Number of protein chains: 2
Amino acid sequence: MGSGERKSAGKRPAAPAGLNRDVVLDAALGLLDAVGPDGFTMRALARRLGVYPTSIYWYFPRKNDLLAAVVAHVLRDLAPETDPRDWRPFIAGLFRRYREAMRRHPHVAALTGANLVSNAAVDLALIDGILAALVHAGCPDERLLAAFDVVISSMAGFATMEFAALPGEDQSAWVDDMRAAVAAVDATRHPHLHRLRDRMANRHFMLRWENGTTVPLDAGFDAHVAVVIAGLEAFMHHQES
Amino acid sequence: MGSGERKSAGKRPAAPAGLNRDVVLDAALGLLDAVGPDGFTMRALARRLGVYPTSIYWYFPRKNDLLAAVVAHVLRDLAPETDPRDWRPFIAGLFRRYREAMRRHPHVAALTGANLVSNAAVDLALIDGILAALVHAGCPDERLLAAFDVVISSMAGFATMEFAALPGEDQSAWVDDMRAAVAAVDATRHPHLHRLRDRMANRHFMLRWENGTTVPLDAGFDAHVAVVIAGLEAFMHHQES
DNA sequence: ACCTGAACACCGTTCAAGT
DNA sequence: ACCTGAACACCGTTCAAGT
């Protein structure tokens, strides 16, 4: 379901500048990995390709279409090889593969999840695979699609947050603020946080100043997979409405 | 832990243009609600305030600082009134309140989750409350912080995706593409999706062309809350490592 | 079919200057 | 302390023109 597609199925007479859809796409992913969403510019991409900025518009009519294609490229082949009929390994493998894709290209985390366009990225085979897994897990039909939504949002939610973008380059000030706030936690007002603040500082959500590229949340991720699978089991097989 | 703070605790002699931090913040949230992140411009905000664009920089040194403050403002007072010792209603209420905040200001969904800066937004009381809830649920100490990460990412993940931003204003083309793709699902290659495609079209993740503001995912959200709570229960009390 | 080149209507941010 | 006003170095996108 790609947008910005060219139909020309005819012979291509070796374009003068050697540009084509895949070349632009590869360069775009390289640029995004290198500079992040803020630095990702049509003009910077053109510089990288050695062409005029407007040349890119022949292949992608808008910057958003190009970014959507990049997301689609990164998220291709997410479905695990395991048989969906063995639903637990299938779901766990899916989550793991999604996370690995985000780890390889952390800057796309900001473009997924919070953007509906990226939905067009994911292939129908993956959707069918998840539905198959849930059906074989014994999910009743009237809960199937709710369970599906839980799987999708859980798959994307954790990794999106783990690799959340850092603020601009003047990090130092905000890092100092974070450190100070964590160090100054009041023992009587926030006793639990006070007790755990050294273990939590920069290692858990809401108290980090680095993201998953430098400080992975492995324990949290494993817990997340276990929680979703155990919770789905209960949700699918619990009696009452 | 706000950034871009002014220290001047002294008397303020009624600024000529009537500008101050709260006025700017309110106008910023109003502008964001009205036009979304793409239209959110320092110059547009200045127009709305009747001042020069550069005036805003007196209160917020960078656009990012202003956006972080807007996120912080929207996410204030998330902690439910219920006692964290009753951990299930506490977690469920927390998720519900987070979702309601996103529903009130859907455009901030794109700014949370995928952005580390927004972390500075959330107050320490909320973190302490979640930790208290998990401790009173009987979570063993060595699993406490992993469970905490599951709670945070689950709280933010679903709502962020439910209110994910739509593409630009030329929706029609991409909506037609989505409709066509859903209608053309192959019955033999994707049997489950084929069977469910009418029920899923525009109503579930990955197959939507509208977001939660017009098509809420109520069933999915309720399932998500149930799954996380039941899954946490299992994770916290399961014996083996 | 594919790319150049100029041009339009914008941006965020800096900085000196005013009051 | 707070705001104006000009200026800098950029943007995405359009459109006519070339080959």
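Since the structure is predicted, the reported quantities are computational estimates derived from the model, not experimental observations.
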Does [N] have OP1 or OP2 under 4.0 Å away from a side-chain N or O of [X]?
X	N	value
A:Ser55	C:dT4	yes
A:Tyr59	C:dC3	yes
B:Tyr52	D:dG5	yes

Counting only heavy atoms not in B:Arg103, do more than 12 fall under 6.0 Å of its CZ?
-> yes
May I ask you to check whether over 12 heavy atoms, not counting those of B:Arg189, lie within 6.0 Å of atom CZ?
-> no
To the nearest angstrom, how far is [X] atom [atom1] from [N] atom [atom2]?
X	N	atom1	atom2	result
B:Trp58	C:dA16	CH2	P	15 Å
A:Phe60	C:dC3	CZ	C1'	16 Å
B:Ile56	D:dG5	CD1	P	15 Å

Just jot down the ring-ring contact (aromatic ring centres under 6.0 Å, His included) partners of A:Phe163, sequence neighbours excluded, or say none.
-> none
Across all chains, not counting sequence neighbours, the side-chain hydrogen bond (donor to acceptor under 3.5 Å, both in side chains) partners of A:His105 are A:Asp33
Side chains of [X] and [Y]: does their closest heavy-atom pair fall under 4.5 Å?
X	Y	answer
B:Arg208	B:Val215	no
A:Met206	B:Ile152	yes
A:Val225	A:Ile91	no

Under 3.5 Å, which protein N or O atoms sit close to an N or O of nucleotides 17-19 of chain D? Give each pair with its distance.
none

Does A:Ala44 have any side chain to side chain contact (heavy atoms under 4.5 Å, CB included) partners at least two apart in sequence or in another chain, and if so, which?
-> A:Leu31, A:Thr41, A:Arg47
Using the ring of A:Phe158 (Phe, Tyr or Trp, six-membered ring only), decide whether A:Arg99 places NZ or CZ under 6.0 Å from its centre and within 45 degrees of its axis.
-> no
Check: B:Arg62 side chain, B:Tyr57 main-chain N or O, donor-acceptor pair, under 3.5 Å | no
Indicate for each nucleotide in nucleotides 9-14 of chain D, in 5' to 3' sequence, whether protein heavy atoms under 4.0 Å reach the base (B), only the sugar-phosphate (S), or nothing (-).
-> --BBBB
Are any of the side-chain nitrogens in B:Arg97 or B:Glu81 under 4.0 Å away from the carboxylate oxygens of its partner?
-> yes
Check DNA chain D for consecutive Watson-Crick or G-U pairs with both distances under 3.5 Å and list the runs of at least three as stems.
-> C:4-8 with D:12-16, C:12-16 with D:4-8
